[in-house]
Amino acid sequence: MEIREEIKKSIEDALKKIKVKKYPEILLERPKEREHGDFSTNIAFSLTKELKKPPQEIAKRLVKRLEVCPKIIEKVEEAKGFINFFLTEELLFENLIQILKREKNYGRSEIGKGERIQIEMVSVNPTGPLHVGHGRGAAFADTLANILEVMGYQVEREYYINDIGTQMENLGKSLRVRYLELLGEKVQFPEHGYQGEYLIEMARRLKDREGDKHRKEKIEFFIQYASSDIIEGIRKDLKDFGIRIDTWKRESDFHKEGKVKEVLKNLKKKGYLYEREGALWFRSSQFGDEKDRVIKKKDGSLTYLASDIAYHEDKFKRNFDHLIDIWGADHHGYVERIRAAVSALGYSKETLDIILYQLVKLSRSGKPVAMSTRRGEFVTLREVMDEIGKDTSRFFFCMRASNSQLDFDLELAKKESPENPVYYVEYAHARISSIFKKAKEKKTPKDPDKSGPTGQVKRKKIQEIDLKLLHTPEEKSILRLLLLFPDVVASCARSYQVHSIPNYLMELASEFHSFYNKHRVLSEEENLIQARLALVEGVRIVLYNGLKLLGIEAPEKM
RNA sequence: GCGCCUGUAGCUCAGUCUGGAUAGAGCAUCGGAUUUCUAAUCCGACGGUCGCAGGUUCGAAUCCUGCCGGGCGCGCCA
């Protein structure tokens, strides 16, 4: 990152020298072709209009005036109007040393400056177990949170529980019916009831434990029983899926504490509420929403919007620097009304970002798996975890951009074959660990420092290792890729995306496997062994750090 | 009907924000590689009118408009 800044600055200096004052932001991209260098800029193209010269000419003039630090840049060239920069070996070696020194901290940065970010994640209604789609949201949110933490933000992960309202009523009614059915009564199933198998099982557990003593119990009992049972299940699912939740907020608390009433009063005072057709409306259309929204129904009960507004106001009052809501795409109709509410309450829209993730299309060996929440037919996160495993599932969930649908083939994910990218990355890590194990065995008692695992590489004083011995194309490729890792993480943090991490790891694993096939680490030549051990240790550290961001274990052997 | 997301190789997708070099991977298919650190690996080949049509531009997968296909949502359900 410092390197990019350094190059940018030198370009700016050169621009000044040729007396160009106005220019767009200088973009450094990573060229597709190796011959085009490590970084390149198209700045000359953007100046053609102003200077009325062809890009080649502008680029040539710039190159002539460019003064770059020779420790970083070995060569600068003009090619078809582009300016290409080639990094020095020295820099690549220095970076490897940094990786070995910083280990788990390689890739970290202080860009976040300790700013506080609150992430609202998962927040599924406790009316049933988490399903695959929620798993994607959870894996995505958790990974993004990890990335932001590594970038120096203080992240608070929060789950908001809608534990009251119509849906809870329906849940309670449904459980009651299932319970009474088990006691042999014939009862009409509620119209909007939850038909899932899990409620029948829940009823059975209740009956097995406590018999028929709840036969005459009021609906509140069943709501209470069902929701706490489900919430416990959700907590356990998330925990086993490696998702950390720092704070659990309950909708009912906002009511109890009078915060919902308070926020309504506030909105009313500002003139953003009005009555029509017996209901109370929020004037959200005034803030960019398509239409106004009901906030209190004709029957006097409040909609979820009311408490959601109170919840968001509560977030603002807790003084976070940024707020991020991560929702399933099926909630996108909700985005504008929440943003409207934020504006209406007088808070900055910029502080709140709402990220939507698209749904998961589940299949098995290419055949789609039908899902319907209404009929209670869905594949739960628990089932996926049991069948596929936490790590593989998390990798798949984070592999695709969040705003495109995710195809998830259960059979493919389960396969331990080349079709499955997860093993490919893990295998690279395991192979490296295995090299170190071997190296340790080779160690002779007379000369314990000659070769060995990480500890030995470090003890031997990294500076003494002759990294210049790493000169093959495969080794160079790896060194260049390692240099990119901090950039990849930073770019994820900027764009609130995570899929570049798995993609990067696959690329790094691929470069490593190529190297491994062509060259031997534990060769005859002691200095070369040391240099290569340092190199693969660098790869191992980066693979480890990347997998860690995804919440995945890095296996020592497979 | 309206709104959001999406359409790139046989399949799954990067690349689109910030327009640039012959459009990249993986899988599948075909052909090869291991007496040596894990073959869950490697090397090579094949494969694309970037949904379609216009427009802007020296230059468009990328920006604009229209159309077509897929997903999701659409006033007192969440």
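Every heavy atom of this structure was used, including side-chain atoms; hydrogens, water molecules and symmetry mates were not.
- The Glu277(A) side chain lies nearest to C76(B) when the options are C76(B), A21(B), U18(B).
- Of the listed nucleotides (C13(B), C37(B), A40(B)), C13(B) has the atom at the smallest distance from the side chain of Asp407(A).
- If you take atom P in G19(B) and the same atom in U62(B), they sit 12 Å apart, rounded to whole Å.
- Partner assigned to U22(B) is none, using Watson-Crick or G-U wobble distances below 3.5 angstrom.
- Side-chain to base pairing of Thr127(A) with A78(B): no donor and acceptor N or O lie closer than 3.5 Å to each other.
- Residue contacts shown for Lys298(A) include a base, since a base heavy atom lies under 4.0 Å away.
- Using a 4.0 Å heavy-atom distance criterion, Lys557(A) is classed as a base contact.
- With hydrogens and angles ignored, the 3.5 Å screen pairs a side-chain donor or acceptor of Ser284(A) with a backbone N or O of Lys291(A).
- Spacing of C1' atoms, G47(B) relative to C27(B), comes out at 13 Å, to the nearest Å.
- Enclosure of atom NZ in Lys349(A) by more than 12 non-hydrogen atoms of other residues, nucleotides or ligands within 6.0 angstrom is indicated.
- Under the stacking definition used here (centres under 5.5 Å, planes under 30°), the residue Phe82(A) fails to qualify as stacked on the base of G20(B).
- Looking at Lys259(A) and Asp314(A), a side-chain N of the basic residue comes within less than 4.0 Å of a carboxylate O on the acidic one, giving a salt bridge.
- For the OP1/OP2 pair of A14(B) and a distance below 4.0 Å, the side-chain nitrogens and oxygens of Ser404(A) include at least one atom meeting the criterion.
- A cation-pi arrangement is found for Arg431(A) relative to Tyr516(A), the charged atom lying closer than 6.0 Å to the ring centre and inside a 45° cone about the ring normal.
- Scanning atom types as modelled, one donor and one acceptor separated by under 3.5 angstrom connect the side chain of His332(A) and the base of G3(B).
- Mapping Asn403(A) and Thr303(A) onto RNA chain B by nearest heavy atom places Asn403(A) at the nucleotide closer to the 5' end.
- Using a 4.0 Å heavy-atom criterion, one finds that His513(A) contacts the sugar-phosphate atoms exclusively.
- Residue contacts for Ser434(A): at a heavy-atom cut-off of 4.0 Å it reaches a base atom on one of the strands shown.
- Within the 4.0 angstrom heavy-atom criterion, no nucleotide atom of any strand lies near Arg532(A).
- Comparing U12(B), A78(B), C72(B) against the side chain of Arg400(A) picks out U12(B) as the nearest.
- A salt bridge links Lys414(A) with Glu387(A): the closest approach of a Lys/Arg side-chain nitrogen to an acidic carboxylate oxygen falls below 4.0 angstrom.
- Residue contacts shown for Glu426(A) are absent, as no nucleic acid heavy atom lies under 4.0 Å away.
- Take the nearest nucleotide of RNA chain B for Leu305(A) and for Lys291(A): the residue whose nucleotide is more 5' is Lys291(A).
- When the P atom is used for both U22(B) and U18(B), the distance is 24 Å, rounded to whole Å.
- Comparing atom distances between the Lys438(A) side chain and each of C37(B), C42(B), A40(B) picks out C37(B) as nearest.
- Within 6.0 Å of atom CD in Glu525(A), more than 12 heavy atoms from other residues, nucleotides or ligands are found, so the atom counts as buried in its surroundings.
- For Ile435(A), the listed nucleotide lying nearest its side chain is C37(B); candidates were C42(B), C58(B), C37(B).
- Judged by distance alone with a 3.5 Å cut-off, a donor-acceptor contact links the side chain of Asn84(A) to the base of A21(B).
- Between U22(B), A78(B), C42(B), one nucleotide has an atom nearer to the side chain of Lys80(A) than all others, and that is U22(B).
- Note on Tyr424(A): a side-chain N or O is less than 4.0 Å away from OP1 or OP2 of C42(B).
- Side chain of Gln358(A), nearest nucleotide from G75(B), G71(B), A78(B): G71(B).
- Contact annotation for Ala329(A): backbone-only contact, meaning every heavy-atom pair under 4.0 Å involves sugar-phosphate atoms and none involves a base.
- Looking at heavy-atom distances under 4.0 Å, Tyr304(A) makes contact with sugar-phosphate atoms alone, never a base.
- Judged by ring centres under 5.5 Å apart and planes tilted less than 30 degrees, His331(A) fails to stack against the six-membered base ring of G73(B).
- Of the P atoms belonging to C58(B) and U49(B), the separation is 29 Å, rounded to the nearest Å.
- If you check every strand for non-hydrogen atoms under 4.0 Å, Asn42(A) touches a base.
- Between G51(B) and C43(B), the two C1' atoms lie 36 Å apart (nearest whole Å).
- Going from the P atom of A9(B) to that of G24(B) covers 14 Å, rounded to whole Å.
- Among the heavy atoms of the strands, none lies under 4.0 Å from His429(A).
- Searching all strands for a Watson-Crick or G-U wobble partner of G73(B) with both distances below 3.5 Å returns C2(B).
- Among the nucleotides A21(B), G15(B), A39(B), the one closest to any side-chain atom of His499(A) is G15(B).
- Comparing A23(B) with U34(B), their P atoms are spaced 35 Å from each other, to the whole Å.
- Note on Ser523(A): every side-chain N or O is 4.0 Å or more away from OP1 and OP2 of U36(B).
- Applying the 4.0 Å criterion to OP1 and OP2 of A25(B), one finds that Ser510(A) has every side-chain N and O outside that range.
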For this session: Decide side-chain contact (heavy atoms from CB on, under 4.5 Å) for Arg34(A) and Ser477(A); before the verdict, give the C-alpha distance in whole Å, the side-chain angles of both, and the deciding distance to 0.1 Å.
Result: CA-CA 9 Å; Arg34(A) 174 61 44 73; Ser477(A) 289; 3.5 Å; yes

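- Judged by distance alone with a 3.5 Å cut-off, no donor-acceptor contact links the side chain of Gln405(A) to the base of C72(B).
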